[in-house]
Amino acid sequence: MSYRGILTKRPTVCEPLTDLSKWSLDVKEGRQVWSMVDSLDEKKNDVASRYHCGLPIKDACPDFPPPTSAKESLRNGLEFFSTLQTDDGHWAGDYGGPMFLLPGFAITMHITQQPIKECIALEMTRYLRNLQNADGGWGIHIESESTVFGTSLNYVAMRIFGVPKTDQAMVRARTFLAAREGCLNIPSWGKFWLAVLNVYSWDGVNSLFPEMVLLPKWFPLHTHRLWSYCRTVYMPMSWLYGRKFQAPLTNLIKELREELLPKPFDEIPWAQYRNSVAKEDLYTPHTKVLDLFFSCVNVYEKFASRWLRNRALDWIYEVLESENEFTNYICIGPVNKAINTLITWIVEGPESEQFKKHMDRMGDYLWLGRDGMKMNGTNGSQLWDTAFMVQGLIETDLRDEFKDVFKKANEFIDVSQIKVNHPNHSKYYRDITKGGWPFSTHEMGWVVADCTGEGLKGALICKKNKFTDAPLSDERLFDAVNVLLAMQNSTGGYATCEKTRGWHLFEWFNASEVFGEIMIDYDYVECTSSVVQGLCQFREMYPNHRTSEVNKAIEMACDYLFGKQRDDGSFEGMWGICFTYGTWFALDGLGGAGYDYDHPSIKKACDFLVSKQKEDGGWGETFMSCVTREYVDHPMSQVVNTAWAVLSLLKAHYPDQAVIRKGVKFLLERQQSDGDWEQEGICGVFNKNCMISYSNFKNIFPLWALARYTTAYPDDAVFQS
């Protein structure tokens, strides 16, 4: 299949609209907040602040002499990347990519009449200008073709930020939409946001049936069985739908109606567009079961009992309040963050403490990158990136040169562990959290199975190697294992935030139209591998703690991993691109449990990877692999894909060093003179069809691969050939 998306590096269309030297990244226990300072003396994390927004840092990270060995290149890269470690011990980074997040922020701020600082609005405008495609539209993510979803919502955002309709960017966007009936065929999440803004009619939106939460909990389709990210979005969505809330009709909204709709608002037969989705957008068509369900609940909507509706909305709001409190008003992600903020404003008012807490946390999602300011996919990937870096660094004998890096990282891993169970968690559809680690920060409050596995590994490494005077106590490590044992599914696999509660048939009711497999929390190769590795390393240090349970969990998880291997030897990744990522996770997980190239399944996986190596020694896979669920070769080798492949082959003890050496040579040739690597193609994904950035991966994984290679082959200089 041919590549579909933005292949080459985008040209800079819009230069910085603010003085980038005055932007400061402030951090505390992982919290990341960008702000502009009056004086450069007030800046925090100066080097990281400059680097992430694209300013020179040669004063802190000068060029190195040309390296003569792989180990010298590794040392250069470690010196560079350690300079970017923040004051609190983590590595901050760009976790943007989806193009439907920033509009939710803009719409919420507009409706709640909260001023957007000029510097933020300017940098957000710059970002959207730089990400606009040649045809005038925006995609669902930064590398996708234009869609009605991305174009309509980002058009609205730019108008809210003050861009006039006569601006050429707006004219080009309207031209794109005019050929597609304006915004009428926008997918369901877009219909929702535009209906809330009063640009679309609720009559054009299928019923979100708030009363579903009142079904008995044993009911197969009860809300609590949904995947946590799905549940925490659709519940507040259904609250706004149940209230039929719409913003007051202002001059801007009247103009947006004229600009985005093909005919006057009152002349549109809205009900005809409920199931209508532009061909550019549609990824998951409605099933017949879903259409039948919508037919029923749309009729029900006409006769819904006000008493029953209010009872449902009251319960939804109570669950929503618990989400706000459990996450310190950060919320699980940016979509429900924006919706929860709006609902809190409606119910509690703009002067309430709850709304003020929401507004205080809005900045946690904003990230200033080299292309402008965007909204991250969560409040960051702090724990995830830091735990990976610790594991990569421990694999080299250069580790003693970077003891301070370990010490700071351990402090961050320490503070990031969630140390309590949330009050009444079961009542509000939550599981235990004490001992788990989150993807980002402890204040966000949600544990994730793979993050707990990676956090556990990081903590064990620092404790075992005595890189800290304050290692995690045995009790806290035992708490982590308790969480992991509790999260294992009967399949042997692990999901993300909770055990799987529903069945695959839930996908019959996937109404997103743009995402795949969002309805329940599935088992994943990545999550299962992380847990296997964590438990194996824990077992080495604590062989007498819950021995039989730990052994059984590892055995079941390994059986699950073997069962997920495809006929071609690959493993599909669901959170990174894609078969390279999944195969690396599988081989590192199974390798941690003692399986290597002597096992036929491991050999088969290695053969798959070797078959994908390019002439230049590298590997390259595009995001279309995630979309099509079949390997799609990238026209150019990618540093991150190559690092994953090299790590996999080394972990498996692949016998042909020449194959691995070619991959390492590619990594060395792509390294810059200061030890950094350039950002290449996007490498993260969620729900099959939306890609997401991991800007630190371009450093972490090449460094890890070089560490593993120079340990396996200490006498190979590589550059000598």
Side-chain angles (χ1 to χ4, degrees), residues 227-228 383-384 387-388 391 413 417-418 421 425 430-439 446-461 463-464 472-502 520-565 571 573-575 582 584-596 599 601-602 605 651:
W227 180 37
S228 56
L383 184 280
W384 189 242
F388 277 149
Q391 294 172 70
I413 292 171
Q417 189 182 28
I418 297 174
N421 290 317
H425 56 271
R430 294 286 298 273
D431 290 339
I432 63 169
T433 53
K434 184 181 179 182
W437 270 276
F439 182 68
W446 282 87
V447 301
V448 192
D450 53 358
C451 300
T452 301
E454 302 299 339
L456 177 61
K457 286 189 283 178
L460 289 169
I461 286 169
K463 184 168 187 172
K464 178 180 179 181
L472 268 68
S473 67
D474 291 353
E475 182 180 1
R476 287 177 58 189
L477 296 173
F478 296 164
D479 286 342
V481 171
N482 182 57
V483 167
L484 293 178
L485 294 177
M487 294 184 77
Q488 189 169 35
N489 287 313
S490 60
T491 59
Y494 282 82
T496 59
C497 300
E498 299 159 342
K499 292 179 73 169
T500 303
R501 298 174 177 177
I520 63 171
D521 206 348
Y522 293 90
D523 293 322
Y524 296 105
V525 167
E526 299 99 307
C527 295
T528 307
S529 169
S530 292
V531 174
V532 166
Q533 295 174 63
L535 290 179
C536 285
Q537 291 186 28
F538 175 83
R539 182 171 61 181
E540 290 179 10
M541 287 185 65
Y542 298 92
N544 298 319
H545 182 76
R546 301 180 70 174
T547 306
S548 61
E549 294 168 89
V550 171
N551 289 342
K552 182 180 179 182
I554 293 171
E555 180 182 355
M556 289 177 61
C558 288
D559 288 344
Y560 166 83
L561 290 174
F562 281 124
K564 297 303 290 184
Q565 188 171 32
F571 294 81
M574 300 297 184
W575 302 100
W584 164 63
F585 256 108
L587 293 189
D588 255 39
L590 293 168
Y595 296 97
D596 62 13
H599 192 284
S601 294
I602 305 300
K651 190 68 174 184

Exercise. Sorted by first residue and then second, give each salt bridge (Lys or Arg N to Asp or Glu O under 4.0 Å) pair with at least one member in residues 481-498; sequence neighbours left out.
Key: Arg231-Glu498, Glu498-Arg501
Practice problem: Take Trp446 and Arg430 through the test side chain to side chain contact (heavy atoms under 4.5 Å, CB included) and record every step on the way to the result. | Solution: CA-CA 9 Å; Trp446 282 87; Arg430 294 286 298 273; 3.2 Å; yes
Self-check item: Gln533 versus Ser529, side-chain donor and acceptor atoms under 3.5 Å
Solution: yes
Quiz item: Are side-chain heavy atoms of Thr452 and Val531 found at a separation under 4.5 Å?
Solution: no
Exercise. Output, in order, the C-alpha distance, side-chain angles, deciding distance and verdict of side chain to side chain contact (heavy atoms under 4.5 Å, CB included) for Leu456 and Gln537.
Key: CA-CA 9 Å; Leu456 177 61; Gln537 291 186 28; over 6 Å; no
Practice problem: Provide the full list of side-chain hydrogen bond (donor to acceptor under 3.5 Å, both in side chains) pairs with a residue in residues 553-562, sequence neighbours left out, each pair given once. | Solution: none
Quiz item: In terms of the angle between their ring planes, are His545 and Phe538 parallel, tilted or perpendicular, with boundaries placed at 30° and 60°?
Solution: perpendicular
Practice problem: With side chain to side chain contact (heavy atoms under 4.5 Å, CB included) as the test, would you mind laying out the steps for Thr496 and Phe439 before giving the verdict? | Solution: CA-CA 10 Å; Thr496 59; Phe439 182 68; over 6 Å; no
Quiz prompt | side chain to side chain contact (heavy atoms under 4.5 Å, CB included) against Lys464, all qualifying residues, sequence neighbours excluded | solution = Glu540, Met541
Self-check item: Main-chain N/O of Cys497 paired to Asp521 side chain as donor or acceptor, under 3.5 Å
Solution: yes
Quiz item: In terms of heavy-atom contacts, does NZ of Lys499 have more than 12 from other residues, nucleotides or ligands at under 6.0 Å?
Solution: yes
Quiz item: Can we call the ring centroids of Tyr595 and Phe562 under 6.0 Å apart?
Solution: yes
Self-check item: Residue pairs fulfilling salt bridge (Lys or Arg N to Asp or Glu O under 4.0 Å) with at least one residue in residues 481-492, sequence neighbours excluded
Solution: none
Exercise. Identify, with sequence neighbours excluded, every residue that meets salt bridge (Lys or Arg N to Asp or Glu O under 4.0 Å) alongside Lys434.
Key: none
Which side-chain N or O atoms in residues 477-488 pair as donor and acceptor under 3.5 Å with protein atoms at least two apart or in another chain?
{"residue": "Asn482", "atom": "OD1", "partner": "Arg546", "partner atom": "NH1", "Å": "3.1"}
{"residue": "Gln488", "atom": "NE2", "partner": "Gly492", "partner atom": "O", "Å": "2.9"}
{"residue": "Gln488", "atom": "NE2", "partner": "Ala553", "partner atom": "O", "Å": "3.0"}

